[in-house]
2 protein chains.
Amino acid sequence: MAARPAHTPASQTPTMADVAQLAGVSHQTVSRVLNDQPNVRAETRARILDAIRELGYRPNSAARQLVTRRSQTLGVVSFDTTLYGPASMLYGIEQAARDADYFISIVSLRAMNRGSVLEAVDRLRDQAVEGVAVIAPQTSAAGVLAQAAAGVPLVGAGCGPAEQVPMVAIDQREGAAMATRHLLDLGHRTVHHVAGPVGWLDASGRAEGWRAELERAGRPVPPPLRGDWSARSGYAAGRALAADPDVTAIFCANDHMALGLLRAFHEAGRQVPAEVSVVGFDDIPESSYFTPPLSTVRQDFSELGRRSLELLLGRLENPAPPPAEHVLITPDLIVRASARPPA
Amino acid sequence: MAARPAHTPASQTPTMADVAQLAGVSHQTVSRVLNDQPNVRAETRARILDAIRELGYRPNSAARQLVTRRSQTLGVVSFDTTLYGPASMLYGIEQAARDADYFISIVSLRAMNRGSVLEAVDRLRDQAVEGVAVIAPQTSAAGVLAQAAAGVPLVGAGCGPAEQVPMVAIDQREGAAMATRHLLDLGHRTVHHVAGPVGWLDASGRAEGWRAELERAGRPVPPPLRGDWSARSGYAAGRALAADPDVTAIFCANDHMALGLLRAFHEAGRQVPAEVSVVGFDDIPESSYFTPPLSTVRQDFSELGRRSLELLLGRLENPAPPPAEHVLITPDLIVRASARPPA
DNA sequence: GACCGGGATGTTAGCGCTAACAATCGTCCC
DNA sequence: GGGACGATTGTTAGCGCTAACATCCCGGTC
């Protein structure tokens, strides 16, 4: 903050030795103050702190890292952080990491395949991260995680079940079952489903939950339509569904597709919720302003991020607890206006 | 990859010296191979590469960083990466950084104020980042950037004008003017505006562009309504506007507010676009599936991220080019169905 | 045949920090 | 009053790497 005094070359950032010299102590005492070690006289500590401030000294993290062998950095590998889910998880992880005094280094996946996950983890390891969290909600990721986990503590966030790897996920099956049950309870004979794309764990989990709930209730299981998460694909599914007069209830695998579907029904002149009920999944911030406001299933991504990080930090302290822990978070059904009893 | 041979203690990761010993050369030659230096015999190089593979050797980044004084890491400070804009910019920056062989370390801002930006940059500097990109689209950020830039190369991404700091931004005024002009060209007498929250650069830039365009055309400037970017606030503004029969054209400062507004008009029984035209801003992926599909202004966030990083890398090579460069990216008007000539 | 030049490799000296141990000083106890 | 003890501070030795310089060996030169 203050101007650099003459005894330190201006061209060069001050080192611990400079601080020590200015404070009239040895560099080790400076180190002790910096690391909050006991047995430093209060007055000495104050003098050192003054010297640090005067020189604008910053500890050299590389030097510390070299000797302590700790980088204070965690890596996050994520698929498309532009998506609502991954972005939210990343945010939750970052917040939790900061509270635990860790830095976060990110690598986004450009494509989803074994190689790119491995490469991303490798890149992070080159940077000496102490642990890695992977946000990769695709089926193909599940298999590769165990392999990636060799050599570095790793957890999955919102990933599917991989036996060897600890992970935190939202219970997609249960969430889908809740949505389906809600529609059934309203009095609908059965529920149609607009599913997410093949290869996504969330998509298959939701489809399974939907199917299981229909079967449990002994209802017919109509063939699901397949979307790709986008509103566009929901619109296409909606056009198909709107043409079928028997359809009275639809569970969409996410809110964006529900938006497109809503639009298709509107265009087709089929009223939601008067004629047809719709439930989504995600509870994106906009969904309460759809026409009509969308009933949906809320996932608490920030809790997911937080819990993943807790799990990872636990692993860091205790590298190999017996079995890989799997934490499942139950989502919440949010009831709005898009679903009601059949006419 | 192979099992660790006996001559290296299993408990300890191999060092360059281990590789050197196995290959029968000095550690310096190993270093030369790792750094792609010339003057190493092809055969020697191959032998060393084999040894590296056999031991599963990874260079110690801290040691390298200590001596080269380069961390190969760039920091990104961002406000709420859950939002569409910041998330997209972050993604663009990360991709560009990876191509340039840099790591990205992120710090999210919990609150938007001077202190938190400074603290975030400070945290990043403690980690020895070589440069910082700040994504903070608030007015309050503009002032603090110059201060934060002291001591570390820094660029703003999507931030407002700060004289001292180089930055890349999207031309909000021009985008808003395009939207307004589009509605005027359609034949509307004037255009109402639902603005973003006070304190946001994008909000004030868009309001200015809207106002300037109306004035240029000699049209009356109705008092703008104030929202907070959320669909909820757009809905509230929509209720107010729907009650006024004179309103025929509305420019919303973002697509989410336009969504809420669309819903309010629908509820009020006022047809869009038959009775009232609406244009948004952002072109979020969903906006083409609104009811009706939304005409809007598209911002290329990934280009913004890329350009910001280019600017930052430029600064790293040449610490202080004369004036701080400011790059403005012009957005595009996307015409869909939500605006048409007045009845 | 001694000399020179340059490619290939080895040796040495830190980078800035922490851990381990050594030294010093006062105080307390019998 | 002497020695033990604990609080405080200093000294030394690396952590694993790169930069700078030293060394070696070879073919080509005159």
Side-chain angles (χ1 to χ4, degrees), chain A residues 4 7-9 11-49 51-52 55-73 125-130, chain B residues 4 7-9 11-49 51-52 55-73 125-130:
Chain A
R4 205 180 302 285
H7 54 81
T8 311
S11 63
Q12 179 171 310
T13 57
T15 78
M16 200 176 260
D18 297 322
V19 174
Q21 190 187 343
L22 182 58
V25 296
S26 75
H27 64 123
Q28 180 62 318
T29 302
V30 177
S31 169
R32 280 192 263 261
V33 169
L34 253 21
N35 293 300
D36 278 320
Q37 287 179 23
N39 299 343
V40 175
R41 203 146 38 108
E43 189 221 326
T44 309
R45 182 183 302 271
R47 199 145 32 88
I48 291 172
L49 258 15
I52 288 174
L55 293 176
Y57 168 74
R58 269 171 204 277
N60 181 316
S61 64
R64 174 183 299 206
Q65 184 178 334
L66 182 55
V67 62
T68 61
R69 312 182 150 283
R70 307 208 48 199
S71 64
Q72 294 285 77
T73 301
R125 290 186 62 189
D126 282 343
Q127 205 195 3
V129 295
E130 293 180 33
Chain B
R4 204 180 302 286
H7 54 79
T8 311
S11 64
Q12 180 172 309
T13 56
T15 77
M16 199 175 260
D18 297 322
V19 174
Q21 189 186 343
L22 182 59
V25 296
S26 77
H27 64 122
Q28 180 63 320
T29 302
V30 177
S31 170
R32 278 192 263 262
V33 169
L34 254 19
N35 293 299
D36 279 320
Q37 287 180 24
N39 299 346
V40 175
R41 204 148 34 109
E43 189 221 325
T44 310
R45 183 184 301 272
R47 199 146 31 91
I48 291 173
L49 257 16
I52 288 174
L55 293 175
Y57 168 75
R58 269 170 204 278
N60 180 315
S61 65
R64 174 185 300 209
Q65 184 177 335
L66 182 57
V67 62
T68 62
R69 310 182 152 282
R70 306 208 51 199
S71 63
Q72 292 285 80
T73 301
R125 290 186 61 191
D126 283 343
Q127 206 196 0
V129 295
E130 293 180 34

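Here is how names work: the chains are called A, B, and so on, in the same order as the sequence lines, proteins then strands, and each is numbered from 1. As a basis for the values below, the full set of heavy atoms in this structure was taken, side chains included, without hydrogen atoms, waters or symmetry mates.
Scanning DNA chain D 5' to 3' for nucleotides with an atom closer than 4.0 angstrom to a non-hydrogen atom of chain B gives a first and last hit of D:dG16 to D:dA20.
Counting any heavy atom pair closer than 4.0 Å across all strands shown, B:N60 reaches sugar-phosphate atoms only and no base atom. Note on B:P38: nothing from the nucleic acid sits closer than 4.0 angstrom, heavy atoms only. Heavy atoms of A:T29 sit under 4.0 angstrom from primed sugar atoms or phosphate atoms, though from no base atom.
Within the 4.5 Å cutoff, the side chain of A:T29 has no heavy atoms near those of the A:R41 side chain. Looking only at side-chain heavy atoms (C-beta outward), A:T73 and B:Q127 come within less than 4.5 Å of each other. Side-chain contact check for A:V25 versus A:V33: every heavy-atom pair is 4.5 Å or farther apart.
Between the OG atom of A:S61 and the CG atom of A:L66 there is a distance of 11.0 Å, given to the nearest 0.5 Å. Of the inter-residue distances, the one linking B:D126 atom CG with A:N60 atom CG reads 11.0 Å to the nearest 0.5 angstrom. Between A:Q28 atom CD and A:R32 atom CZ the span is 4.5 Å, to the nearest 0.5 Å. Atoms CD and CZ, from B:Q72 and B:R64 in turn, are 8.0 Å apart once rounded to the nearest 0.5 Å. Considering CZ of A:R45 and CG of A:L34, their distance stands at 10.0 Å, rounded to 0.5 Å. Note that the OH atom of A:Y57 and the OG1 atom of A:T15 stand 7.0 Å from one another [nearest 0.5 Å].
As rounded to whole Å, 9 Å separates atom C1' of C:dT9 from atom CZ of B:R41.
Judged by distance alone, the side chain of B:E130 and the main-chain N or O of B:S71 form a donor-acceptor pair under 3.5 Å.
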- Task: For the pair B:M16 and B:I48, evaluate side-chain contact (heavy atoms from CB on, under 4.5 Å) and give the outcome as yes or no after the intermediate values.
- Result: CA-CA 10 Å; B:M16 199 175 260; B:I48 291 173; over 6 Å; no
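Each of A:R32 and A:A17 lies near DNA chain C, and the nucleotide nearest A:A17 is the one positioned closer to the 5' end. Projected onto DNA chain D by closest heavy-atom contact, A:H27 and B:M16 fall at different nucleotides, the more 5' of which corresponds to A:H27.
In the helix from C:dG1-D:dC30 to C:dC30-D:dG1, the terminal helix axes, each the rotation mapping four pairs' C1' atoms onto the next four within five end pairs, subtend 60°, rounded to 10°.
The stretch residues 62-72 of chain A touches DNA chain C through A:A63, A:R64, A:L66, A:V67, A:T68, each having a heavy atom within less than 4.0 Å of the strand.
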